[in-house]
J.: 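If you scroll down you'll find the structure; I have some questions about it.
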Amino acid sequence: MSKPTQSYFETLNAVHAELAETYAILNVKQSELDREVSAISHEIERMDLDLEDGYGVATRLQETLRRRRVVKDEHKRVSLLIRGLTQLSVDYRKNEAKSKRICRELNVTMTIADVM
């Protein structure tokens, strides 16, 4: 027997909620890394760089920027999924309302469980 679409919709809503949590966590992490990049930049401004110090601070900056890139890329993918699921939810609810109205007008009282 097939599950009613409402069950799938509820599962997708749960995924949407998890993605929203992940999105918030990624925002916090990206802000932390932005502050770290800024701190390293200020450190560079204050330093009289020699070869050893310059290399050390450059590798720290490079590593921080690489970590930020990973977070930023994941943030973008999560954002795309959230946007897609949000639109899907809007479309589903519109269709559900229309279907209920039509069923009411045509006096259809069966559900998919009754048919399957």
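Every value quoted in this text rests on a predicted model; they were computed, and no experiment measured them.
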J.: Decide whether Val57 and Leu65 are clustered together by the hydrophobic rule: side chain heavy atoms of Ile, Leu, Val, Met, Phe, Trp, Tyr closer than 4.5 Å, transitively.
T.: yes
J.: Kindly give the heavy-atom pair with the smallest separation between Asp48 and Asp53, and that separation in Å.
T.: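 For Asp48 and Asp53, the tightest heavy-atom pair comes out as O-OD2, 4.4 Å.
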J.: Under 4.5 Å between side-chain heavy atoms, counting indirect links through other Ile/Leu/Val/Met/Phe/Trp/Tyr residues: same cluster for Ile25 and Val71 or not?
T.: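 Hydrophobic grouping puts Ile25 apart from Val71.
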J.: How about Lys29 and Arg68: do any of their side-chain heavy atoms sit closer than 4.5 Å?
T.: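 Not in contact.
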J.: Starting from Leu81, can I reach Val15 by hopping between I/L/V/M/F/W/Y residues whose side chains sit under 4.5 Å apart?
T.: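 Same cluster.
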J.: Would a single hydrophobic cluster contain both Val70 and Ile40, if residues Ile, Leu, Val, Met, Phe, Trp and Tyr are joined by side-chain heavy-atom contacts under 4.5 Å?
T.: no
J.: Backbone N or O of Leu88 within a donor-acceptor pair of the Asp91 side chain at under 3.5 Å?
T.: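 No.
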J.: Tell me, do Gln30 and Leu26 make a side-chain contact under 4.5 Å, heavy atoms counted?
T.: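 Of all side-chain heavy-atom pairs linking Leu26 with Gln30, none is under 4.5 Å.
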J.: His16 vs Ser89, test: side-chain hydrogen bond (donor to acceptor under 3.5 Å, both in side chains). Steps then yes/no.
T.: CA-CA 10 Å; His16 188 273; Ser89 180; over 6 Å; no
J.: Looking at CG of Leu33 and NZ of Lys72, how far apart are the two atoms once the value is rounded to the nearest 0.5 Å?
T.: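 So the CG of Leu33 and the NZ of Lys72 are separated by 12.0 Å.
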J.: Do you know the tightest heavy-atom contact between Val115 and Met110?
T.: CG2-SD, 4.4 Å
J.: Does any pair with a residue in residues 65-102 pass ring pair (Phe, Tyr, Trp, His ring centres under 6.0 Å), and if so which ones, sequence neighbours excluded?
T.: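 Residue pairs with at least one partner in residues 65-102: Phe9-Tyr92, Tyr23-His75.
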J.: Could you tell me whether the side chain of Ser41 and the main chain of Val37 form a donor-acceptor pair under 3.5 Å?
T.: yes
J.: Let me confirm one number: the CG-OG1 distance from Asn27 to Thr22, rounded to the nearest 0.5 Å.
T.: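 It is 11.0 Å, given to the nearest 0.5 Å.
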J.: Side-chain heavy atoms nearer than 4.5 Å, only ILVMFWY residues, links allowed to pass through others: does that put Tyr55 and Met47 together?
T.: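 The answer is no; the residues belong to distinct hydrophobic clusters.
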J.: Rounded to the nearest 0.5 Å, what separates atom OG1 in Thr111 from atom CE in Met116?
T.: 11.0 Å
J.: Under 3.5 Å, side chain of Thr59 to main-chain N/O of Gly56, donor-acceptor pair present?
T.: yes
J.: Are there more than 12 heavy atoms of other residues, nucleotides or ligands under 6.0 Å from atom CD of Glu52?
T.: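 No, CD of Glu52 has 12 or fewer neighbouring heavy atoms, counting only those of other groups under 6.0 Å.
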J.: So, Arg60 and Glu43, do they make that salt bridge, N to O below 4.0 Å?
T.: yes
J.: Ignoring hydrogens, what is the shortest heavy-atom contact between Leu19 and Leu85? Give both atom names and the distance.
T.: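 Closest approach of Leu19 to Leu85: CD1-CD1, 3.6 Å.
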J.: How far does CD of Glu32 sit from OG1 of Thr64, to the nearest 0.5 angstrom?
T.: 12.0 Å
J.: Taking Arg69 first and then Asp73, would you say they form a salt bridge - that is, a charged N and a carboxylate O separated by under 4.0 Å?
T.: yes
J.: Do other residues, nucleotides or ligands put more than 12 heavy atoms under 6.0 Å from the CG atom of Leu51?
T.: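 At most 12 heavy atoms, drawn from other residues, nucleotides or ligands, come within 6.0 Å of this atom.
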J.: Check Ile112 against Pro4 and note the closest heavy-atom contact, atom names and distance.
T.: CG2-CB, 3.7 Å
